[in-house]
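Computed from a predicted structure; not experimentally measured. When a ligand or atom number is given, it counts from 1 through the structure's own listing order. Scope of the values below: all heavy atoms of this structure, side chains included, with no hydrogens, waters or symmetry mates.
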Amino acid sequence: MTINARILGAAAGGGLPQWNCGCRNCIAARAGTLPAQSQSSVAVSGNGRDWAILNASPDIRDQMAAAPQLHPTGLRDLPLRAVVVTNGDIDHVAGLLVLRESQPFTLFATAEIHDVLAANPIFDALRPDCVARARITLDQPFELVPDLMATLFAVPGKVPLYLEGETVKTDLVGEQTVGVELRTATSRAYYIPGCAHVPADLAQRLRGADLVMFDGTLWSDDEMIREGLSQKTGQRMGHISISGEGGSMKALQDLDITQKVFVHMNNSNPVLDPASNQTRAANECGWVIGRDGMEIST
Ligand code: MLT
Ligand code: MN
Ligand code: ZN
């Protein structure tokens, strides 16, 4: 069976353009000279009928309207059966509030992320008689939707921005930041929108995969500082950069991965411009830059 994926939103939190940003990419996106991108989310299916959404972004309403696969097939029949959240970040959970119209689905996450959601009563808008909250143990496969198995596994990351304390560990490995492995009888795919670095065991896991959708937040670690947009490096945000010695292109090369796709691009990232040198360099290294509406099957 094939794994079908549709990138609902290719940008990181904020999207392109971001509401308060006057950077080159955001200006170009407002002017229509760069394709706008919505916030981080992917829909997946193993049979083309039953769909799961990986991360519920604040843009989910428009993303679902633009995705024929996710449209209602009856009065209140929806092909959406499940939602997975890979961390508690706002760009990945705020869309849950949009999915509150008495629609049954299962919400899959680690216990730690479920506790973060449960501590915030606004998420009680997802009524327990409609939305089952499945607490998933790391490295234990489960049926995500019919004909598609999933496994959550820890990747280095940090707690959500809104839970950061005085000191922040940016490469925690535990239940706060996970990747998703997807399997059918014949295909193996990964979705990892946030990852601080690639340890050897993660590289081993990805080896030989049919498809990897990976954290493409920043091209270089200091790009937001250089552009005058923020004081933060990518590492401080818990995101590996694409380029450089410690970057994801280097870390994921020679792993025999059939399709490699960057997702979760920050609006500062030059790969959001299809004509940039950085886009060409990533393409030459075997990477596709994810775009809203892109469909991938494997
Ligand atoms: C991230 O990916 O680093 C977060 O989405 C940042 C944020 O919460 O704004
Ligand atoms: Mn994010
Ligand atoms: Zn911008």
Side-chain angles (χ1 to χ4, degrees), residues 7-42 53-60 63 83-97 109 113 116-117 120 155-165 168-172 176-180 191-197 213-242 248 262-273 276 278 290 292:
I7 297 179
L8 298 179
L16 177 74
Q18 177 173 309
W19 70 284
N20 64 342
C21 190
C23 80
R24 200 172 16 190
N25 280 348
C26 288
I27 290 171
R30 278 187 206 97
T33 54
L34 269 194
Q37 306 293 332
S38 63
Q39 296 170 82
S40 180
S41 183
V42 172
I53 287 181
L54 311 181
N55 288 325
S57 99
D59 299 321
I60 195 166
Q63 293 169 340
V83 176
V84 177
V85 296
T86 61
N87 59 24
D89 285 356
I90 291 172
D91 54 344
H92 290 161
V93 303
L96 292 171
L97 299 175
I113 297 304
V116 170
L117 298 176
N120 192 332
V155 297
K158 65 167 187 66
V159 297
L161 199 51
Y162 58 88
L163 293 178
E164 286 185 2
V168 182
K169 201 164 169 346
T170 56
D171 61 349
L172 294 169
Q176 65 291 317
T177 309
V178 300
V180 185
Y191 172 65
I192 307 171
C195 185
H197 65 97
M213 294 174 277
F214 197 80
D215 185 345
T217 306
L218 298 180
W219 175 260
S220 48
D221 195 51
D222 63 349
E223 83 190 29
M224 296 212 300
I225 299 172
R226 273 190 291 109
E227 300 271 331
L229 297 171
S230 162
Q231 294 307 312
K232 283 186 183 171
T233 60
Q235 280 301 299
R236 173 60 185 79
M237 297 194 303
H239 293 290
I240 191 175
S241 303
I242 293 178
S248 52
F262 281 122
V263 293
H264 193 275
M265 274 71 70
N266 190 59
N267 51 70
S268 57
N269 194 327
V271 300
L272 286 166
D273 180 352
S276 70
Q278 290 86 348
D292 282 23

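- For atom 5 (O) of ligand 1, the nearest protein heavy atom (residue, atom name, distance) is Asp91 OD1, 2.9 Å.
- Side-chain contact between Ser230 and Ile225 is absent, with no heavy-atom pair separated by less than 4.5 Å.
- The shortest distance between side-chain heavy atoms of Val159 and Glu164 falls below 4.5 Å.
- From the protein, the heavy atom lying nearest to atom 9 (O) of ligand 1 is Leu161 CD2, 4.0 Å.
- Annotation: atom 3 (O) of ligand 1 to nearest protein heavy atom, His239 NE2, 2.8 Å.
- Of the angles at the Mn ion (ligand 2), the one spanning OD2 of Asp91 and NE2 of His264 is 100° when given to 10°.
- For the pair Ser268/Arg226, no side-chain contact is recorded, criterion being any heavy-atom separation below 4.5 Å from C-beta on.
- At a cut-off of 3.5 Å, with distance as the only test, no side-chain donor of Asp91 or Ser40 sits close to an acceptor on the other residue.
- The closest donor-acceptor contact from the side chain of Asp215 to the backbone of Ala196 lies at 3.5 Å or more, if one exists at all.
- Within ligand 1, the atoms closer than 4.0 Å to a non-hydrogen atom of His264 are 2 (O), numbered from 1 in the order shown.
- No part of His92 comes within 4.0 Å of ligand 1, judged by heavy-atom distances.
- In Arg24, the CZ atom is not crowded: 12 or fewer heavy atoms of neighbouring residues, nucleotides or ligands sit closer than 6.0 Å.
- With the Zn ion (ligand 3) as the vertex, atom SG of Cys26 and atom SG of Cys21 span an angle of 120° (nearest 10 degrees).
- Counting the atoms of ligand 1 from 1 in the order shown, those under 4.0 Å from a heavy atom of Asp89 are 1 (C), 2 (O), 4 (C), 5 (O).
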